[in-house]
**Q** 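Have a look at the structure that comes next, please.
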There are 2 protein chains.
Amino acid sequence: MDKKIHVLVVEDDSDINKLLCTVVTKSGYIAQAAYSGTEANLYLDRQEWDLVLLDLMLPGLTGEQLLEKINEVFRTPVIIISAKDEQQTKIATLRTGADDFITKPFDIEEVSARIDSHMRRYMRFSNPTPSNRLTYKELELDKETKFVTINGSEVTLTAREFAILELFMSYPKKVFSKANVFESIWNEEFMGDDNTVGVHISNLRSKLAKANPKQEYIETLWGMGYRLR
Amino acid sequence: MDKKIHVLVVEDDSDINKLLCTVVTKSGYIAQAAYSGTEANLYLDRQEWDLVLLDLMLPGLTGEQLLEKINEVFRTPVIIISAKDEQQTKIATLRTGADDFITKPFDIEEVSARIDSHMRRYMRFSNPTPSNRLTYKELELDKETKFVTINGSEVTLTAREFAILELFMSYPKKVFSKANVFESIWNEEFMGDDNTVGVHISNLRSKLAKANPKQEYIETLWGMGYRLR
DNA sequence: GAACCAACTTAATGTTTTCTTAAGATTCTC
DNA sequence: GAGAATCTTAAGAAAACATTAAGTTGGTTC
């Protein structure tokens, strides 16, 4: 279940506020209207927000003041929506900490797209899917179902091959020596003269290559080890 | 030392490209110009980027195609900079995965402010300088992924060369005698008549010089040893 | 409990890359 | 300018890796 996304809409014109709230709601987020700087301030203190849509010209506290506070105290992304269209203002607010600046009159669709864009990026970080699914390029691996696909088509791996791939995909681009691999997966000390890991890598490679001949996923670094690439 | 931020500037008009690169550089990031979709694609595969500035109308691959790939494969933020100013395009690309859309002709200050804004947000989340990364001037070395770059472009080193460079970069001002180097890396006693270290240093130097001819990184102190410079 | 099967390991062989050696060229110090 | 230290180059040696096939093991089925 996804966490609900709360958006605070700060705008004194009640028609525009309503319109913005509609846009937000239609995108599947929860909107809260605030009609003055001081009102917005109360809401900010009261709960956490995932996004603030902020007009600059407001009764009570100005948008600039609010922006400053949000930046100092919270880390919420802020999209400015303002009729002030001088470049000066735009640049100043972006530098002060705004994440975007939309000029009035605005295009509803664009506002919606920009909100989604920011939320998409924000959610990717703040809510890092604690999932059991790993991806790397076209590769997908599900830890739970042990399912591995490339471009959607299934690749059948043995237990060891799966474990190695999972290890690699857990730390993409990290270089693993044979000893690293052996000790992580077999849980015993690595004796230098062992070729086992090499054979598994070879088999794994040929299965991956069969599924996607265009891409080499496992790279050899001579004298150092292997890494996903 | 902060991690350096690498920005890929994809734009076929060389004047505009230059201008954008200047903006990026002035903000303290490292810019790499790409003049076609296919060229950009090569750079994307070659290293990780923190931001892509992307024109839509490009020879080779279109901006839209690149955007799609970046979204599927990487997680890099993308700012579209385009002359196509129909709302349709704007909304479509934002929905496809772009993080921002700037219309040409653009205001340099605004571009700069928007880049900074995205990087500020992005950097807050992405790893706060992992300690396995060493930096010296334009040189970057990652102990974990064994990646070495100069100004963002990859330098391929062998195991020994990497080990020597890592040793030097770990103690940037220290002077290492041949014996020091040999004993740290080979873990055996140094017999004076050995030229091995010298050969490795020579090879290492020539690889570094190929990547950045302007700078000599390894200095010889006659009769004493070597040191990073 | 014997036969079978799949996955794993070991072993053998071939290939590729890197390392070392050695010799001549160069550079620096006195 | 002589001598010593260092640099460069190239080629042979050595190490690391890849692949294939043959043996082992452990579990499943009849």
Side-chain angles (χ1 to χ4, degrees), chain A residues 146-148 154-168 175-210 213 215-229, chain B residues 146 148 154-168 175-211 213 215-229:
Chain A
K146 310 290 181 195
F147 226 68
V148 176
E154 184 182 351
V155 182
T156 315
L157 300 181
T158 69
R160 294 275 132 102
E161 289 157 10
F162 183 89
I164 292 173
L165 186 60
E166 180 183 338
L167 177 66
F168 284 175
V175 173
F176 293 90
S177 67
K178 280 183 203 286
N180 286 160
V181 174
F182 192 83
E183 283 165 7
S184 314
I185 290 169
W186 278 258
N187 284 317
E188 41 183 286
E189 204 190 336
F190 178 70
M191 304 301 184
D193 62 337
D194 192 345
N195 183 31
T196 310
V197 172
V199 173
H200 286 297
I201 298 263
S202 170
N203 294 333
L204 179 53
R205 271 185 175 140
S206 79
K207 286 186 185 181
L208 296 179
K210 199 179 276 179
Q215 179 77 40
E216 272 202 26
Y217 291 101
I218 300 170
E219 182 183 26
T220 303
L221 292 166
W222 280 75
M224 302 201 253
Y226 302 95
R227 85 177 153 199
L228 220 53
R229 183 145 210 208
Chain B
K146 311 287 185 196
V148 175
E154 185 180 351
V155 182
T156 313
L157 301 181
T158 70
R160 293 276 135 94
E161 289 157 10
F162 184 90
I164 292 173
L165 185 60
E166 180 183 340
L167 177 65
F168 284 175
V175 176
F176 293 91
S177 67
K178 281 182 202 287
N180 285 160
V181 174
F182 191 84
E183 284 165 8
S184 318
I185 290 168
W186 277 258
N187 282 317
E188 41 183 285
E189 205 189 335
F190 178 69
M191 305 301 186
D193 62 338
D194 192 349
N195 182 30
T196 309
V197 172
V199 173
H200 286 298
I201 298 266
S202 168
N203 294 332
L204 179 53
R205 272 182 175 145
S206 80
K207 286 186 185 180
L208 296 179
K210 198 181 274 179
Q215 178 75 41
E216 271 203 27
Y217 290 101
I218 299 170
E219 180 183 29
T220 302
L221 294 166
W222 220 265
M224 301 197 237
Y226 304 97
R227 145 179 93 182
L228 222 51
R229 158 145 208 178

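Chain A is the first sequence line, chain B the second, and so forth, proteins listed ahead of strands; every chain is numbered from 1. Model, not experiment: these values are computed from the prediction.
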**Q** Applying side-chain contact (heavy atoms from CB on, under 4.5 Å) to B/W186 and B/R160, what does each step give before you reach the verdict?
**A** CA-CA 9 Å; B/W186 277 258; B/R160 293 276 135 94; 3.2 Å; yes

**Q** So which atom in A/H200 and which in A/I164 form the shortest heavy-atom distance, rounded to 0.1 Å?
**A**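 Scanning both residues, the minimum pair turns out to be CB-CD1, 3.6 Å.
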
**Q** Using a cut-off of less than 4.0 Å, is there contact between a side-chain N or O of A/T158 and OP1 or OP2 of C/dC8?
**A**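 So the side-chain polar atoms of A/T158 do come within 4.0 Å of the phosphate oxygens OP1 or OP2 of C/dC8, strictly under.
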
**Q** Kindly say if A/T220 contacts the phosphate of D/dA18, meaning a side-chain N or O under 4.0 Å from OP1 or OP2.
**A** yes

**Q** Where is the tightest heavy-atom contact between A/M224 and B/A159, given as atom of each residue plus distance?
**A**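 For A/M224 and B/A159, the tightest heavy-atom pair comes out as CG-CB, 3.8 Å.
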
**Q** Expressed in angstrom and rounded to an integer, what is the separation of B/F176 atom CZ from D/dT6 atom C1'?
**A**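 Spelled out: CZ on B/F176 to C1' on D/dT6 is 19 Å.
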
**Q** Taking the side chain from A/E183 and the backbone from A/F190, do they hold a donor-acceptor pair closer than 3.5 Å?
**A** yes

**Q** For the residue pair A/F162 and A/F147, what are the closest heavy atoms and their distance?
**A** CE1-N, 4.4 Å

**Q** With each end axis built from five pairs of C1' atoms, what bend angle do you get for the helix from C/dG1-D/dC30 to C/dC30-D/dG1? Round to 10°.
**A** 40°

**Q** For atom CD of B/E219, decide whether the heavy atoms of other residues, nucleotides or ligands shown that lie under 6.0 angstrom number more than 12.
**A**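 Above 12, so yes.
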
**Q** When the distance from CD1 of A/I218 to C1' of D/dC17 is rounded to whole Å, what number comes out?
**A** 14 Å

**Q** Might you confirm whether atom CZ of B/R229 has over 12 heavy atoms from other residues, nucleotides or ligands at distances under 6.0 Å?
**A** no

**Q** Under 6.0 Å from the CD atom of B/E189, do we count more than 12 heavy atoms belonging to anything else shown?
**A** no

**Q** Let me know the distance between CH2 of B/W222 and C1' of D/dC7, rounded to the nearest Å.
**A**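 Going from B/W222 (CH2) to D/dC7 (C1'), I get 8 Å.
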
**Q** Hey, mind stepping through A/T220 and A/R205 against side-chain contact (heavy atoms from CB on, under 4.5 Å) and telling me if it holds?
**A** CA-CA 11 Å; A/T220 303; A/R205 271 185 175 140; 2.5 Å; yes

**Q** A/E216 has an atom CD; how far is it from atom P of D/dA18, in whole Å?
**A**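 Interatomic distance, CD of A/E216 to P of D/dA18: 10 Å.
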
**Q** Over all strands shown, is B/Y226 touching base, sugar-phosphate only, or nothing at heavy-atom distances under 4.0 angstrom?
**A** sugar-phosphate

**Q** From CZ of B/F162 over to P of D/dA16, roughly how many Å is that when rounded to an integer?
**A** 18 Å

**Q** Quick one: B/L157 CG to C/dT18 P, roughly how many Å, whole number?
**A** 10 Å

**Q** Over how many whole Å does the gap from B/R205 atom CZ to C/dT27 atom P extend?
**A**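 After rounding, the reported distance stands at 13 Å.
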
**Q** Give me the residues of residues 193-201 of chain B where at least one heavy atom lies under 4.0 Å from an atom of DNA chain D, by number, or none.
**A**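 Going residue by residue through residues 193-201 of chain B, the ones with a heavy atom under 4.0 Å of DNA chain D turn out to be B/N195, B/G198, B/V199.
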
**Q** Please report the distance, rounded to the nearest Å, between CG in A/N203 and P in D/dA22.
**A** 15 Å

**Q** Please determine if a side-chain N or O atom of B/W186 lies less than 4.0 Å away from the OP1 or OP2 oxygen of C/dT20.
**A** yes

